[in-house]
Structure formats: structure tokens, C-alpha cells
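Here's the structure we're looking at; comments come further down.
Sequence positions, counted from 1, serve as the residue numbers for this chain.
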Amino acid sequence: MKLKGVRQLLAEEEGMGTVEVILIIVVLVGLVIIFKEQITDIVNTIFSKITKQTNKI
């Protein structure tokens, strides 16, 4: 009996709608704008470490 209820619930569930996807994208873009400087510093640090490590090889 329980398995039938789970199947019915899964059958009724729909995929993510356009509104949900747009909201997620807006939140991600907002986070990138807020933390742009920190993200840039981290990426620059990572690339400088990669460059130093490849020069040792």
C-alpha cells in the first residue's frame, strides 16, 4: 500500500518550472555581484599557485 502512494506522489510531481529556474539564476547572479571581489581574489590566488607549481615541473 505504501509503495502505491509513493508512486502516485512521484507521478503527480512536475519538473521545475521556469519561474523557479529564473529565481535561482537571479539569486546566483546576486551572490556573484555581492562577492565579486572575494571571488576574483580567490581565482587569482589559485591561478598564481597553479603557475608556480607548473614552473617547478
Side-chain angles (χ1 to χ4, degrees):
M1 270 196 233
K2 229 178 189 185
L3 186 59
K4 184 179 180 183
V6 173
R7 285 184 185 168
Q8 184 179 11
L9 177 65
L10 290 175
E12 291 175 1
E13 292 295 317
E14 296 179 7
M16 288 182 20
T18 305
V19 175
E20 288 87 358
V21 173
I22 291 172
L23 287 175
I24 291 170
I25 292 171
V26 167
V27 169
L28 289 175
V29 168
L31 288 173
V32 168
I33 290 171
I34 291 170
F35 296 108
K36 181 181 177 184
E37 187 175 327
Q38 290 89 345
I39 293 170
T40 305
D41 290 341
I42 290 171
V43 170
N44 287 336
T45 303
I46 291 171
F47 280 128
S48 67
K49 287 182 180 182
I50 290 172
T51 304
K52 289 177 185 177
Q53 293 293 325
T54 54
N55 288 337
K56 290 181 181 180
I57 296 178

Under 3.5 Å: donor-acceptor pair, side chain of Gln53, backbone of Ile50: no
Result block: side-chain N/O donor-acceptor pairs under 3.5 angstrom for residues 30-48, not counting sequence neighbours:
from: Thr40; atom 1: OG1; to: Lys36; atom 2: O; distance (Å): 2.8
from: Asn44; atom 1: ND2; to: Thr40; atom 2: O; distance (Å): 3.3
from: Thr45; atom 1: OG1; to: Asp41; atom 2: O; distance (Å): 2.8
from: Ser48; atom 1: OG; to: Asn44; atom 2: O; distance (Å): 3.3
from: Ser48; atom 1: OG; to: Thr45; atom 2: O; distance (Å): 2.8

Among Val29, Ile24, Ile22, which one satisfies side-chain contact (heavy atoms from CB on, under 4.5 Å) with Val26? Ile22
Same hydrophobic cluster for Val27 and Val19, using side-chain heavy-atom links shorter than 4.5 Å among ILVMFWY? no
